[in-house]
Amino acid sequence: MQIIVIGGSIGGLSAGIALMQQGFDVEIYERAAKDMKDRGAGLVIQPEMMDYLMEHRIAPKDVFGVPARQRQILDENGAPVLRYPNDTQFTSWNYLWRQLKDFFPADRYFYGYELQSTEQHPHAVTATFSNGKKVTAELLIGADGYNSVVRGQIYPDVIPAYAGYVAYRGLIPEQELTLEEAAFFSDKFTLFPYENSHLLSYMVPGPDGELKKGKRLYNWVWYLNKTQAELEKLMIDKNGQERQFTVPAGWMNAESLTTLQQLADEQLPPILRDRVQQTAHPFVQVIFDLAVPKMYQDRIAIMGDAAFVVRPHTASGTAKAYRDAIVLANSLNDHEDIETALAYWNGQQTRYGMAIVNHGKQLAARSRLGLQMA
Ligand SMILES: Cc1cc2nc3c(=O)[nH]c(=O)nc-3n(C[C@H](O)[C@H](O)[C@H](O)COP(=O)(O)OP(=O)(O)OC[C@H]3O[C@@H](n4cnc5c(N)ncnc54)[C@H](O)[C@@H]3O)c2cc1C
């Protein structure tokens, strides 16, 4: 069976690899013109995904991520009031993407293919790209993220809904911390919860996957409620262009950068305030919700963030995309016809997707994030 995947990020590559391993003829079409390295920040790597990567020799465990052996909760002065064992493993988006990308055959991964539209025929689907090329396959998988063009073709009314808060994020090379600061954060998942907000931080691999102390990156995430009016100001980038879901590193406008520094002065303990203020290029990620009623229509399937966007507190956006991919590949392998395989997959994964979406909302509500929008 010939299958094309639209989008070559974590979800698309997971689908490509899982389908290839089941013997399907699969190709990935990615909008970006070249490697997407250096564009992401940190993320939690779930044990289930790590097991898969090791089992299939995509990445060995010892080079995979940075463990945080302790969780520490800070008070308003930055003193740890609680420390307890933790077994979360952190990695960087770049590093995870690199491992998957290197494993998937390069001659089946096409850069510079931005999907414009799809056309369904009996038992086939044709994708038309903005470079003028057309590709026809028996199944098309939309792994093209929260702003999915594939989803737009079958669910034009399902669009992301603002959740009422944003995440400011930043990365700092570990060598820019003093030895004391590095030791304070090293091997720890640090949390500063306070009224209607929290900041968390952890170490992730360096730009080229470095795991040695001193070579890693310090990653922080700070959630803050924003009214619609505040959000609109924040989303204007330094060139005056309106951004939709993120303001990437290096693109925040001067006023928003000043506001961030002031908020850090007013709300954070010194050890975290200094990290926020020290970050050369902080960035903004808008938190929103999205869920499709069904993950396929005829010969088109949608997965990962294209189908369900989960709140970051669940730490499962990547694992969900990977699980959508594995269950789909197994289902296509286990069933005689595509329709039954997609129906089975949809039954499994929509329940799973909705459960994580709802869990994420509960976690946010517990931290009093986004409540002013309710
Ligand atoms: C560059 C980048 C950096 C990221 N960094 C982080 C991070 O640090 N931490 C974190 O938790 N999550 C990060 N994410 C999001 C994370 O990958 C997803 O939340 C999750 O893994 C689900 O992935 P996905 O593949 O479904 O969607 P996404 O990761 O959003 O990938 C969608 C892919 O589709 C491509 N695409 C979009 N439209 C089209 C089109 N019309 N035609 C062809 N291709 C298209 C995009 O270029 C992208 O590669 C990042 C995503 C990207 C793309």
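When a ligand or atom number is given, it counts from 1 through the structure's own listing order. Numbering starts at 1 and runs along the sequence shown.
Interface atoms of ligand 1 facing Ile10, defined by a heavy-atom separation under 4.0 Å, are 17 (O), 21 (O), 25 (O). Within ligand 1, counting atoms from 1 as listed, the ones closer than 4.0 Å to a heavy atom of Gly304 are 26 (O). Atoms of ligand 1 lying under 4.0 Å from at least one heavy atom of Gly317, given by number and element, are 20 (C), 22 (C). The atoms of ligand 1 that sit less than 4.0 Å from any heavy atom of Ala143 are 32 (C), 33 (C), 34 (O). Below 4.0 Å from some heavy atom of Gly11 lie the following atoms of ligand 1, by number and element: 23 (O), 24 (P), 25 (O).
Ion pairing between Arg69 and Asp187 fails under the 4.0 Å rule for side-chain N and carboxylate O. Residues Arg108 and Asp25 are paired through a salt bridge, judged by an N-O separation under 4.0 Å between the basic side chain and the carboxylate. Classification of Arg98 and Asp35 as a salt-bridged pair holds, one side-chain N sitting under 4.0 Å from a carboxylate O. Residues Glu255 and Lys238 are not paired through a salt bridge, judged by the lack of any N-O separation under 4.0 Å between the basic side chain and the carboxylate.
At a 4.0 Å heavy-atom cut-off, ligand 1 touches Ala321 through the side chain alone. In Leu43, the part holding a heavy atom less than 4.0 Å from any atom of ligand 1 is the side chain. With a 4.0 Å cut-off on non-hydrogen atoms, Ile6 touches ligand 1 through its side chain and not its backbone. Of the heavy atoms in Tyr113, only backbone atoms (N, CA, C, O) come closer than 4.0 Å to ligand 1. Using a 4.0 Å cut-off between heavy atoms, Asp305 contacts ligand 1 through both its backbone and its side chain. When non-hydrogen atoms are compared, ligand 1 lies under 4.0 Å from the backbone of Tyr29 (N, CA, C, O) but not from its side chain.
For Phe103 and His56, the distance between ring centers is not under 6.0 angstrom. If you look at Phe308 and Tyr352, their ring centroids are not closer than 6.0 Å.
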message: For a side chain to side chain donor-acceptor pair (under 3.5 Å) check, start with the C-alpha distance between Thr246 and Gln285, then their side-chain angles and the critical distance, and finish with the verdict.
response: CA-CA 5 Å; Thr246 61; Gln285 190 183 334; over 6 Å; no
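Inclusion of Tyr146 in the set of residues having an N or O under 3.5 Å from an N or O of ligand 1 is not warranted. Between Glu114 and ligand 1, no N or O atom pair is found at a separation short of 3.5 Å. Between Leu115 and ligand 1, an N or O atom pair is found at a separation short of 3.5 Å.
The ring-ring contact (aromatic ring centres under 6.0 Å, His included) test with Phe288 singles out one residue from Tyr162, Phe245, Tyr165, and that residue is Phe245.
Val310 is listed as a side-chain neighbour of Lys320, based on a closest heavy-atom distance under 4.5 Å.
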